[in-house]
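Structure first, commentary second.
Throughout, a chain's letter reflects where its sequence line sits, starting with A, and its residues are numbered from 1.
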2 protein chains.
Amino acid sequence: MKLEEAKDKFIQTWGSLATSWGINRTMAMVHALLLVSEAPLSTDEIMEALLISRGNANMNVRELMDWGIVKKELKMGERKEFFVADKDIWNVFKQIVKERRKRELEPLVSSLEELRQIDGKTADSKDFLKLIDNLTGVTSKANVLLDLAIKSDENWLMSKLLKLL
Amino acid sequence: MKLEEAKDKFIQTWGSLATSWGINRTMAMVHALLLVSEAPLSTDEIMEALLISRGNANMNVRELMDWGIVKKELKMGERKEFFVADKDIWNVFKQIVKERRKRELEPLVSSLEELRQIDGKTADSKDFLKLIDNLTGVTSKANVLLDLAIKSDENWLMSKLLKLL
DNA sequence: TTGTATTTTCAAGAAAAAATGAAAGTTTAT
DNA sequence: ATAAACTTTCATTTTTTCTTGAAAATACAA
């Protein structure tokens, strides 16, 4: 397999995986493209490589920056903006975990707290509260796991975890 | 807040959260409905509660069964099928992790292996291989974390992890 | 076997999400 | 200040995903 072919394949794979995770296919493809590109790319280069419109390229690049996994880079003498992806995949992983937690886990926790405020002490109410409490419990356990992933050093963490298994 | 109101709110919350994770909103709502229902529900009851068609109810219930988090239950003297959700949320969590890993992480690992088979030893090729290796590394680390979550007893795991933090 | 209850399938329609492209907005150089 | 280079926005169109509902398949009872 040729290098360029492999890069294309990678971009496609990344794109289709993303859709399973509620992430826009094009956004993932832009990310993959930037990952496999040695040099920073301009919007025009992204448009050309992925055959997408300017508006689409712009939107997705900005969203990737919102996620904190792509950065803008300026070249001397050039007015265009260029973009680079963070190549440290462990970093990218942590960043995505961090963002998704902020965007989804935290709102879920507040919702669950609200739902705890039901009136009545019937058997049904108790069962419902039990469910909510179970959910809260699992949520906070997931939080602990994620914290561990985010906050600790990659190698230290893995050696510790492997010992536990 | 009244119990029924809280249950509805829960169903909505669960449904909208699901869409962020690439899961069909209705499927999540059916799941939530079964979670808050004490008794097993028939397809007709699900249709009525969520105002959806028979085909839709059927498809989503079966998909929930594919995920292994909803079970069919037969009542004596009734020809209809009834459905119950696993109420043990930690179990549900583990089951979903297990399934997603099988469906997504494993195919990703094979793709990455394929992509490793590129020819050429240019600087570009080496960079690409490095990226693939980094991805493989993170993937297998995620695997370790998930294994830990899946295979160990809930309380034992948490006490150990908390010590690490 | 025939009829009835129930589940499943799937083509067509509806709804939601994503992409386009041109106009408006910015920034920078002269 | 003007113009050129570039970025952003957003109404419209396109694509994708989800839902419907009726027909086909299946299961069961008489």
Aromatic plane relationship, B:Trp21 with A:Trp21 - under 30° parallel, 30 to 60° tilted, over 60° perpendicular
perpendicular
Nearest heavy-atom pair of [X] and [Y]: which atoms, and what distance?
X: A:Phe83; Y: A:Leu34; result: O-CD2, 3.5 Å
X: A:Val138; Y: B:Trp90; result: CG2-N, 3.5 Å
X: A:Phe128; Y: A:Leu115; result: CE2-O, 3.8 Å
X: B:Asn143; Y: B:Arg101; result: OD1-NH1, 2.6 Å
X: A:Asp86; Y: A:Asp88; result: OD1-N, 2.9 Å

Between N or O atoms, less than 3.5 Å apart, protein on one side and nucleotides 24-26 of chain D on the other: list the pairs.
none

Note to self: The test is side-chain contact (heavy atoms from CB on, under 4.5 Å); show your working for A:His31 and A:Val92 and say whether it passes.
What the structure shows: CA-CA 11 Å; A:His31 184 219; A:Val92 172; 4.1 Å; yes
Review point. Can a donor-acceptor pair be found between the side chains of B:Thr122 and B:Ser125 at a distance below 3.5 Å?
Key: yes
Between the side chains of B:Thr19 and B:Ser16, does any donor sit under 3.5 Å from an acceptor? no
DNA chain D in dot-bracket form (Watson-Crick or G-U pairs under 3.5 Å, [ ] crossing, | inter-strand) is ||||||||||||||||||||||||||||||
Between the CG atom in B:Leu33 and the CG atom in B:Asp8, the distance rounded to the nearest 0.5 Å is 9.0 Å
Interatomic distance, CD1@A:Ile118 vs CG@A:Leu129, rounded to 0.5 Å, equals 4.0 Å
Quick one: is B:Asn58 getting a side-chain N or O under 4.0 Å of the C:dT8 phosphate, OP1 or OP2?
yes
Discussion item. In this structure, would B:Ile69 and B:Ile23 fall into the same cluster of hydrophobic residues linked by side-chain contacts under 4.5 Å?
Written reply: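 Yes, B:Ile69 and B:Ile23 fall within the same hydrophobic cluster.
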N/O donor-acceptor pair under 3.5 Å between B:Ser42 side chain and B:Glu45 backbone: yes
Can a donor-acceptor pair be found, under 3.5 Å and without considering hydrogens, that links the side chain of B:Asn58 to the backbone of B:Arg54? no
Listed in order of residue number, which residues of residues 72-82 of chain B have a non-hydrogen atom at under 4.0 Å from DNA chain C?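 Of all residues in residues 72-82 of chain B, the ones placing a heavy atom under 4.0 Å from DNA chain C are B:Arg79, B:Lys80, B:Glu81.
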| task | Could you identify which residues of residues 28-49 of chain A place a heavy atom less than 4.0 Å from some atom of DNA chain C, listed by residue number, or say none? | result |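 Those residues whose heavy atoms fall under 4.0 Å from DNA chain C, taken from residues 28-49 of chain A, amount to none.
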Please walk me through it: do A:Arg116 and A:Glu113 pass salt bridge (Lys or Arg N to Asp or Glu O under 4.0 Å)? CA-CA 5 Å; A:Arg116 252 202 135 280; A:Glu113 268 168 30; over 6 Å; no
* To do: Mark yes when over 12 heavy atoms from residues, nucleotides or ligands other than B:Lys2 sit less than 6.0 Å from its NZ; otherwise mark no.
  =>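 Count not over threshold, so no.
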- Query: Does NZ in A:Lys87 sit with more than 12 non-hydrogen atoms of other residues, nucleotides or ligands closer than 6.0 Å?
  - Reply: yes
What are the atom names and distances for every N/O pair under 3.5 Å that joins the protein to nucleotides 18-22 of chain C?
{"residue": "C:dA19", "atom": "OP1", "partner": "A:Thr26", "partner atom": "OG1", "Å": "2.1"}
{"residue": "C:dA19", "atom": "OP2", "partner": "A:Asn24", "partner atom": "ND2", "Å": "3.2"}
{"residue": "C:dA19", "atom": "OP2", "partner": "A:Asn56", "partner atom": "OD1", "Å": "3.2"}
{"residue": "C:dA19", "atom": "O5'", "partner": "A:Asn56", "partner atom": "ND2", "Å": "3.4"}
{"residue": "C:dT20", "atom": "OP2", "partner": "A:Ser53", "partner atom": "N", "Å": "2.7"}
{"residue": "C:dT20", "atom": "OP2", "partner": "A:Ser53", "partner atom": "OG", "Å": "2.9"}
{"residue": "C:dT20", "atom": "OP2", "partner": "A:Asn56", "partner atom": "ND2", "Å": "3.2"}

Hey, what are the protein-to-nucleotides 11-16 of chain D N/O distances that come in under 3.5 Å?
none

